[in-house]
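Presented below is the structure to which this report refers.
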Amino acid sequence: MQNVVGIIGWPLNYSLSPLMHTAAFASAKLNWAYIPMPVNLAPEHRLKEAIYGLRALGLKGANVTVPYKEAVIPFLDRLSPDAEAIGAVNTIALDPGGSLVGYNTDGEGFMQDLCKKGHNDTDMHVVVLGAGGTARAIVYALLSHGYTKVSIANRTESKACEIASRFRPLFLQATIVSSTLSEAALASMPRPDLLVNTTSVGMGETEMMPWFEGIPLSSAQVVYDVIYDPSMTKLLRFAKGYGATIYNGLGMLVHQGALSFTIWTGCDAPVDVMKRAIQKSL
Ligand code: ATR
């Protein structure tokens, strides 16, 4: 019998996950299907019904995306330690006993991509722009991989503060700084060795960036924008102009998906196949 997984979110028109996982299952010769499962925002109880429906319908699990990564938590039976610490879930799997288990592969997907690209100097000062669920996952992953200098800058400063306060007690050896996302604040902090954009500024357009023209970058810096569409955001263009090493979010997208694939199937994911499927569609 065919195993079924899918993605829960709203809206799902632009999700590339069905394409990526369908290519992966075909390549691995697994009789699995991956389907979009759009869950409308209203009425509120629909999300609960959808999550319990996974079990009722015998699905093997699901990815969870915007806007439900936090909202699904009350409906799950258990969380992995990562998902618990991050407070967000992007992958659900049904265990053999029928329990709904929540995982978060976003941060680890980012780390795997970063390491694969040859960056693993935990002494780097990392500045993360944004303080949403993606930022929380990435900051947690950096800290659990031994990075000790992490700054978080966000338009709403209280959310950056909240992330710092959440992780300080878990990573006592690390210096975690929070600030507002302003030119003055960014100019006054030690220059980032690695700059990571997790805000939505620059998504689906090419003229806005979450950084400031007045703060120059350099060829010694690495700039990672988790946005993958467009593949060259204004931030990456700006950084490239200074000779910085630049990456878009394609690698993170593929690696978070590969980790979900392994959670569901127990098999290694065909990462290159998944990457090519996405590149072709972009
Ligand atoms: P995700 O789950 O992808 O992290 P999110 O939780 O909605 O998405 O977070 C979006 C991030 O983009 C937030 O940090 C948000 O800043 P606020 O917390 O101040 O809302 C940031 N963001 C969105 N639009 C922005 C803008 N125009 N300027 C700066 N930051 C912005």
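Numbering of ligands and ligand atoms starts at 1, following listing order.
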Worksheet item: Hey, which atoms in ligand 1 end up nearer than 4.0 Å to a heavy atom of G130?
Response: 14 (O)
Discussion item. Could you identify the single nearest non-hydrogen protein atom to atom 4 (O) of ligand 1 and state the distance to 0.1 Å?
Written reply: T134 N, 3.0 Å
Discussion item. Checking contacts here: is it the side chain or the backbone of S200 that comes within 4.0 Å of ligand 1, counting heavy atoms only? Could be both or neither.
Written reply: both
Worksheet item: Of all the non-hydrogen atoms in the protein, which one sits nearest to atom 5 (P) of ligand 1, and at what distance?
Response: G132 CA, 4.0 Å
Worksheet item: Taking both backbone and side-chain atoms of V66, is any N or O found less than 3.5 Å from an N or O belonging to ligand 1?
Response: no
Fill in: Proximity of Y52 and H45 rings by center, below 6.0 Å
no
Worksheet item: So which of N90, T91, T198 actually passes side-chain hydrogen bond (donor to acceptor under 3.5 Å, both in side chains) with D106?
Response: N90
Fill in: Neighbour count above 12 (heavy atom, 6.0 Å) for D268 CG
no
Practice prompt. Distance to 0.1 Å, residue and atom name: give those for the protein heavy atom nearest to atom 15 (C) of ligand 1.
Written response: N154 OD1, 4.0 Å
Worksheet item: So, is R155 polar-close to ligand 1, with some N/O to N/O distance under 3.5 Å?
Response: yes
Discussion item. With the threshold set strictly below 4.0 angstrom, can you tell me whether any protein non-hydrogen atom sits that near atom 8 (O) of ligand 1?
Written reply: no
Worksheet item: Will you find, in the side chains of S260 and N63, an N or O donor that is under 3.5 Å from an N or O acceptor?
Response: yes
Worksheet, complete the sentence: the protein heavy atom lying closest to atom 11 (C) of ligand 1 turns out to be T199 CA, 4.0 Å
Worksheet item: Can you find an N or O of T156 that's nearer than 3.5 Å to an N or O of ligand 1?
Response: yes
Worksheet item: Is the shortest N/O to N/O distance between G133 and ligand 1 below 3.5 Å?
Response: yes
Worksheet item: Under 3.5 Å, is there a donor-acceptor pair between the D193 and Q221 side chains?
Response: no
Worksheet, complete the sentence: min-distance protein heavy atom vs atom 28 (N) of ligand 1 -> V201 CG2, 3.4 Å
Practice prompt. Would you please classify the geometry between the F25 ring and the Y34 ring as parallel, tilted or perpendicular, with 30° and 60° separating the classes?
Written response: tilted
Worksheet item: Is the distance between the ring centroids of Y224 and F110 less than 6.0 Å?
Response: yes
Worksheet entry | Side-chain donor-acceptor pair present, Y247, H119, cut-off under 3.5 Å | yes
